[in-house]
Amino acid sequence: MSSPVWHPFTQHGLGEAIPQIASASGAWLHCADGRRLLDGISSWWVITHGHCEPRIAAAIAAQAGQLDQMIFAGYTHPQAEQLARSLVVLAPVGLDHVFFSDSGSTAVEVALKMALGHWHNRGQARHQILVLEHSYHGDTIGAMSVGARSVFNRAYEPLLFDVATVPFPAAGKEQGTLDALEALCAAPEKPAAFIVEPLVLGAGGMLAYTAEMLRAMREVCAQHDVLFIADEVMTGWGRTGTLFACEQAGITPDILCLAKGLTGGAVPLAATLASAAIFESHRSDERARMFFHSSSFTANPICCAAANANVAIWREEDVPGRIATLGAALDAGLADLAAHPRLHNGRRIGGIAAIDLRVSDAGYLSDVAPRLRAHALAAGLLLRPLGNTIYLMPPYCTTPAEIAEAVAIIDNAVDALAG
Ligand SMILES: *Cc1c(COP(=O)(O)O)cnc(C)c1O
């Protein structure tokens, strides 16, 4: 009998093989049939240090035997208290309140609801959300609404709420972005918030922009009293070289979304951090002004224990040093790939390296990406190109030799495309 499992982002009608993974360690996934795969994309951008990181695995095991799950509305537990305190210290100064949820999409939904609730509770009719062109913030209806419209959400588009889009700040086009943002912020219909992926737009194709630009966009919002939401679901926990991407621009957003690497990627947990002003606009002696949001697994103790172990690793081990070593290996790999006549526009930020195929017809649904993916899989590399963008975003434990191996596989996969 065929499997009853319905997989995400998978066209079951194509009959493509679905490998079964039995175990993992470090940068490697071990298939049930004995093959092993180098995890070139950190299992979709979540694993930071490596798979089954011993300190995180031990924290999960210990917590699972102590306190598994509990209601978080009106009750608390030590793991959540410790984690919230750590996040306030680690995050950009001025984010003093931590709201827990369970995925990047819900962290974004919470951020949007906080922003709208903030203006509602202040008696201001502000509902418009500004977004950056090519952005991605998750797959729930609200998160899709603030993301780019594409084949991904065509069926749902009539139900997505309207947003105003600011052009992506590509090199040389920065002033156009700032002018558009300025015009929207100054318009009579005052926006509620601007949501951005800091420094690099992941699902949009690993599109990078400068820290100066991030700072300038944040300043425009501050001048017009438009809330600035930083979605660091992908960029957080070292992906761009620093713990958070916002650090490189020296900015504090009004709201910060964290998920994916928050637990080192081992178990699902998300946090939305907010400024005192946003918390205060919900604090009152009226119950009608509370923040109306919860999910069953809010601040799950096992997940919080994993996140505390992740924080301890960041505090006690040289994680930035590992990312720098990884970055140097990725640079060497990009230099090799840049010599390939079919590749161009190599770029790296922190532990993310990307390069584009020179093809004009390579939308997400073209068969270039699946062919590269299949070739890499056969050669022992988990790769998942975004349209014509090939990228590596490996766990930080990946060695320079392993990166060289991945690069050789990519080079061969691109060669094979020509045939
Ligand atoms: C992955 C991602 C999300 C969604 O996170 P999920 O945990 O998959 O819901 C949101 N924002 C960004 C920038 C992401 O990369």
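In this text, all values refer to a predicted model and were calculated from it rather than measured experimentally. As the structure lists them, so they are numbered: ligands from 1, and atoms in each ligand from 1.
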Which atoms from ligand 1 have a heavy atom of [X] less than 4.0 Å away?
X	value
S103	7 (O), 9 (O)
H137	10 (C), 11 (N)
W45	15 (O)
K260	1 (C), 2 (C), 3 (C), 14 (C), 15 (O)
M234	15 (O)
V233	2 (C), 3 (C), 5 (O), 10 (C), 11 (N), 12 (C), 14 (C)

Can [X] and [Y] be counted as having a side-chain donor-acceptor contact under 3.5 angstrom?
X	Y	value
T106	E109	no
E81	T76	yes
D39	H51	yes

Once you round to the nearest 0.5 Å, how far does [atom1] of [X] lie from [atom2] of [Y]?
X	Y	atom1	atom2	result
C257	M234	SG	CE	14.0 Å
L326	I403	CG	CD1	5.0 Å
Q82	H77	CD	NE2	11.0 Å

For this session: State whether the shortest distance between N or O atoms of D231 and N or O atoms of ligand 1 falls below 3.5 angstrom.
Result: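 D231 vs ligand 1: N/O contact under 3.5 Å present.
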For this session: Starting from atom 6 (P) of ligand 1, locate the nearest protein heavy atom and write down its residue, its atom name and how far away it is, to 0.1 Å.
Result: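 Residue, atom and distance for the closest contact: G104 N, 3.4 Å.
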Problem set entry | Identity and distance of the protein heavy atom lying nearest atom 4 (C) of ligand 1 |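 Heavy-atom neighbour on the protein nearest atom 4 (C) of ligand 1: S105 N, 3.6 Å.
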Problem set entry | Aromatic ring proximity H118/H282, centre distance under 6.0 Å |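 Between H118 and H282, the centre distance exceeds or equals 6.0 Å.
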Exercise. Applying a 4.0 Å heavy-atom criterion (strictly less than), which segment of A259 is in contact with ligand 1: side chain, backbone, both, or neither?
Worked result: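 No part of A259 comes within reach of ligand 1.
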